[in-house]
Amino acid sequence: MKPMHSRALIGALAVLPCALAQAQSQANPGNAPQLPAVTVTAPGQDADSGASELRQELAAEQARTPGGVTLLDSEDLKQRSVTSIADALRYVPGVWTATGTTADGAYLSSRGSNLDAKNYDGNGIKLLQDGLPVTAADGNNHNRALDPQAMRQGIVARGANALAYGASTLGGAIDFITPTARDTASEVALSLGSHGDRQASATVGAVNGDLDALVSVEGRRTDGYREHQAQERESLYTNVGWQLSDQVRTRFYASYTNNDQELPGSLTRAQWKDDPEQANPSNVTGNYRYNVELWRVANKTSWDIDADTRLTVGFSYENQQLYHPIVYSPPYFSLLIDTEQRNFGSLLRYQKRLGTHDLLLGVNYGQTEVEGGNYSYTPGGSRSLSDRVDNQAESTELFLLDRWEFASRWTAVYGAQAVSASREARSVTVSSGAVDNPKGDYDSINPRAGLMYQLTPATQLYTSVSRLYEAPTLYELEDDVRGGDKALDAMEGTVLEIGTRSTQPVGANKWHWDVSAYYAKLRNEILSMDDPSAPGTSLATNVDRTVHAGIEALVGARVALNGGASMDPLLSLTLNHFKFDGDGTYGNKDLPAAPTYALKGEVLYRQAGFFAGPTFDVVGERYADFENSYKVDGYTLLGLRAGLSGKGWDVFAEVRNLTDENYVSVLTVKDQASASDAILTPGESRSLHVGARMKF
């Protein structure tokens with residue numbers, strides 16, 4: 001990797017905490033913002049107490065961020081059917097998720113990231129598990145390690161608000177925090193659903209003095225709501241914690257996933273209207289699949305040096321084998337991808353309170369290697385190597401963040417991130433020996449400044465301005481429309497955000513809201529379109545200027561009724577304004593894939609452990625091409641869900657798409673799409689899901 005051009009500035013960032021320490025040594029510590037408290041659950045302390053402490057820690061992180069952040073709690077998710085990350089993120093504003101292949105094939109976009117809608121190259125959001133990456137070092141989310149069924153709490157920091165995680169992405173970061181024996185009860189769970197869906201899990205944990213351990217196993221089988229959509233998945237998750245002393249604690253993590261799934265493919269508009277449950281004939285003939293075997297180990301250790309200082313270090317290593325037949329068009333072209341991907345990630349966090357300053361200095365380092373090949377193949381028969389693949393990526397993110405309570409009710413949040421990354425995508429054509437070797441080095445300094453005002457004890461106002469930066473993935477380098485050894489440029493830009501959040505009691509009722517508006521101007525955004533000569537593969541390019549803007553709102557309430565009952569409405573609203581900005585080819589046309597608006601909500605009646613009520617999705621129209629010539633209509637989905645909880649058990653039932661609406665869930669982006677293009681993936685038809693859980 002080439003040295004960073006801004007090495008001097010990185011050095012300045014590294015020594016800044018010491019300089020601030022000296023400057024603030026006489027400051028009044030009584031007004032200092034507090035680091036999240038860490039309390040080790042003692043033997044005998046119940047799991048609810050440990051979970052409450054974790055929720056408080058995440059809520060404190062949200063309250064100290066001048067921008068859009070949403071929290072997730074697995075206890076809420078387990079009251080409904082959650083089979084994918086799309087289900088888990090259903091009520092997170094600003095995040096557009098949809099499923100169209102199987103539960104593991106969710107499309108994910110945050111604030112307009114990944115708008116080329118390439119499911120096999122999901123990017124633009126840094127995915128983390130327990131603060132350690134499950135996103136590859138090149139930014140690719142070609143990964144099955146992040147499982148909402150194996151989550152205890154989650155935090156979604158959108159856009160530049162993910163600086164506290166060091167994320168260098170347009171869409172921000174999502175951190176899924178796994179359960180431990182100190183914050184989760186042992187349990188067994190079972191759910192059944194339409195289309196042959198079966199899912200079961202069991203979790204067992206134990207605490208013995210300074211040691212604790214938890215093991216969770218789960219399995220899923222589904223026939224799918226379309227032809228050629230079956231899935232079989234088995235997973236094992238375990239972690240062991242050790243309190244080495246009153247100040248030092250460590251935790252080891254290990255997981256294994258084996259996921260085999262069929263891919264039904266996209267349909268033309270005529271096919272979709274005629275029979276949305278059919279598969280694309282080529283997918284059946286070619287037996288298109290997405291089979292991944294993955295294992296991962298990790299460790300994280302924290303040291304409370306004193307009451308105001310904490311040091312955290314961690315590492316992760318992941319290996320995944322991919323078997324992926326994706327194109328079969330005999331006698332012209334067929335493609336089977338068979339590769340091994342190895343990901344190494346590490347983190348270092350140094351937190352320090354200095355008077356009225358709350359400092360965070362962090363470093364992330366990641367390395368990814370992909371080896372294997374692309375093959376020509378005959379389904380169920382022979383295959384021959386066409387291209388050898390040897391790709392490498394590295395990424396270093398150094399970041400410094402200060403939260404300074406400079407006056408009563410006022411907090412300044414400012415910092416910077418230094419990024420140094422390298423990408424090298426090397427492939428050798430076996431028949432000719434020709435080598436394609438695009439590679440590049442990417443360096444940037446990305447500052448951020450924000451201001452927060454505590455309007456009332458329960459209400460915050462905030463604003464921030466930040467620089468955005470994202471280097472290309474290895475897939476994007478491979479798919480550069482220019483071919484050869486040229487490398488794409490990194491995306492960069494500036495985003496301005498304003499917003500407010502509150503949890504406000506009003507008599508016996510309680511209201512909460514989290515509303516933010518942002519406006520970003522970007523240069524060199526990387527977009528891809530389906531290659532007309534090889535459907536299923538893409539062509540990537542930089543576009544000069546784009547605008548990403550939107551409004552994100554999560555609003556809810558608990559309205560007290562007689563007899564201890566309540567009515568709980570919840571509404572998540574996302575308004576998107578994603579456009580080319582005076583582009584030489586596309587002018588000011590809309591960017592494809594993301595809907596103009598998405599409104600998701602529910603209204604539940606609750607009393608004494610019982611709940612029931614309607615759910616709804618209202619989604620606006622979107623385009624499937626850069627020319628804006630192919631429009632995909634919006635849709636409205638209605639549902640119902642209900643449940644009942646007792647001491648140590650709960651059950652639920654959920655009906656989705658009650659009116660059996662025929663709608664498009666995911667689409668494939670082209671330059672200029674035609675009516676005969678197979679680019680539409682149908683959404684799930686009417687379905688019923690039921691589940692039960694017992695804790696002990």
Side-chain angles (χ1 to χ4, degrees), residues 1 104 120-123 125-147 150 166-169 176 178 233-239 252-260 289-300 313-324 326 336-348 363-375 385 387-397 420-428 436-442 471-479:
M1 183 186 301
D104 283 11
Y120 57 84
D121 188 25
N123 56 69
I125 305 174
K126 190 179 186 74
L127 302 180
L128 307 162
Q129 188 166 283
D130 301 299
L132 289 157
V134 293
T135 290
D138 68 333
N140 178 267
N141 290 323
H142 181 153
N143 205 297
R144 294 296 176 267
L146 202 63
D147 181 1
S168 176
T169 55
F176 276 15
T178 54
R233 173 184 169 121
E234 299 86 27
S235 298
L236 169 69
Y237 305 95
T238 183
N239 65 75
F252 296 89
Y253 307 85
S255 60
Y256 173 81
T257 296
N258 188 16
N259 180 67
D260 293 348
R289 305 185 65 85
Y290 194 100
N291 297 347
V292 177
E293 185 176 17
L294 176 152
W295 61 267
R296 179 178 184 269
V297 293
N299 171 264
K300 190 163 68 171
V313 296
F315 75 89
S316 62
Y317 181 81
E318 173 193 299
N319 180 285
Q320 58 174 299
Q321 302 280 343
L322 171 66
Y323 178 84
H324 188 24
I326 189 175
L336 184 155
I337 302 172
D338 190 347
T339 57
E340 178 184 8
Q341 178 173 295
R342 299 179 294 273
N343 297 316
F344 172 78
S346 60
L347 67 80
L348 184 148
V363 180
N364 299 330
Y365 173 76
Q367 183 178 27
T368 292
E369 297 176 348
V370 182
E371 293 181 346
N374 298 331
Y375 295 79
L385 182 66
D387 299 279
R388 292 189 180 91
V389 174
D390 184 7
N391 297 340
Q392 298 184 30
E394 287 186 280
S395 179
T396 302
E397 299 161 328
S420 180
S422 68
R423 308 281 188 265
E424 181 175 2
R426 178 182 173 85
S427 64
V428 179
D436 286 330
N437 192 203
K439 56 185 175 181
D441 296 307
Y442 301 91
T473 67
L474 291 168
Y475 278 96
E476 290 168 335
L477 259 63
E478 289 179 334
D479 296 335

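Along the sequence shown, residues carry numbers from 1.
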inquiry  = Counting C-beta onward and ignoring hydrogens, is there a side-chain heavy-atom pair between Thr169 and Ile125 closer than 4.5 Å?
reply    = no
task = Test Asp147 against Tyr237 for side chain to side chain contact (heavy atoms under 4.5 Å, CB included), laying out the working first.
result = CA-CA 10 Å; Asp147 181 1; Tyr237 305 95; 2.8 Å; yes
inquiry  = For the CD atom of Gln367 and the OG1 atom of Thr396, what is their distance to the nearest 0.5 Å?
reply    = 10.0 Å
inquiry  = Do Thr238 and Phe252 make a side-chain contact, defined as non-hydrogen atoms from C-beta onward lying under 4.5 Å apart?
reply    = no
inquiry  = Take a 6.0 Å sphere around CZ of Arg388 and say whether it holds more than 12 heavy atoms from other residues, nucleotides or ligands.
reply    = no
task = Under the side chain to side chain contact (heavy atoms under 4.5 Å, CB included) rule, what do Asn319 and Gln321 come out as? Steps first, then yes or no, please.
result = CA-CA 7 Å; Asn319 180 285; Gln321 302 280 343; 3.8 Å; yes
key: Thr257 OG1 to Leu294 CG distance, which is reported to the nearest 0.5 Å   = 5.5 Å
ask   = Is the shortest distance from a Lys or Arg side-chain nitrogen in Arg342 or Glu340 to a carboxylate oxygen in the other one below 4.0 Å?
value = yes
key: Passing candidate, side chain to side chain contact (heavy atoms under 4.5 Å, CB included) with Tyr442, options Pro472, Ser168, Ser422   = Pro472
message = For a 4.5 angstrom cut-off between non-hydrogen side-chain atoms, does Lys126 reach Glu397?
response = yes
query = Would a 4.5 Å heavy-atom cut-off, applied to side chains only, mark Ser235 and Ser255 as touching?
reply = no
task = Please name the residue in the list Glu478, Gln341, Arg423, Lys439 that meets the side chain to side chain donor-acceptor pair (under 3.5 Å) test with Asn391.
result = Glu478
ask   = Could you state the interatomic distance from OG1 (Thr339) to CD (Glu369), rounded to the nearest 0.5 Å?
value = 13.0 Å
ask   = When rounded to the nearest 0.5 angstrom, what is the spacing between OH in Tyr375 and CG in Asp387?
value = 10.5 Å
message = Show the nearest heavy-atom pair for residues Gly373 and Leu385, with the distance to one decimal.
response = CA-CD1, 3.9 Å
ask   = Val297 pairs by side chain to side chain contact (heavy atoms under 4.5 Å, CB included) with which of Tyr317, Tyr256, Tyr253?
value = Tyr317
task = Evaluate whether atom CZ of Arg296 has more than 12 neighbouring non-hydrogen atoms of other residues, nucleotides or ligands under 6.0 angstrom away.
result = yes
inquiry  = Is it true that Thr473 and Asp138 share a donor-acceptor pair across their side chains at a distance under 3.5 Å?
reply    = no
request  = Measure the OG-CD distance between Ser420 and Glu394 for me, rounded to the nearest 0.5 Å.
outcome  = 8.5 Å
query = Do the side-chain N and O atoms of Thr368 and Asn343 include a donor-acceptor pair separated by under 3.5 angstrom?
reply = yes
inquiry  = Under a 3.5 Å cutoff, is there a donor and acceptor pairing between the side chains of Asn123 and Tyr475?
reply    = no
message = Whether the Thr178 and Asp130 side chains hold a donor-acceptor pair (N or O, under 3.5 Å, no angle test) is what I'd like checked.
response = yes
Closest contact, heavy atoms only, Pro438 versus Asp436 = CD-C, 3.6 Å
key: Non-hydrogen atoms of Ala137 and Ala393 that approach each other most closely   = CB-O, 3.8 Å
message = For the CD atom of Gln392 and the CG atom of Leu474, what is their distance to the nearest 0.5 Å?
response = 9.0 Å
query = What closest approach, in Å, do Pro133 and Gly345 show between heavy atoms, and which atom pair accounts for it?
reply = CG-CA, 3.9 Å
task = Indicate the ring-plane relationship of Tyr290 and His324, choosing parallel, tilted or perpendicular according to the 30° and 60° boundaries.
result = perpendicular
key: Heavy-atom side-chain contact between Ile337 and Leu322 under 4.5 Å   = yes
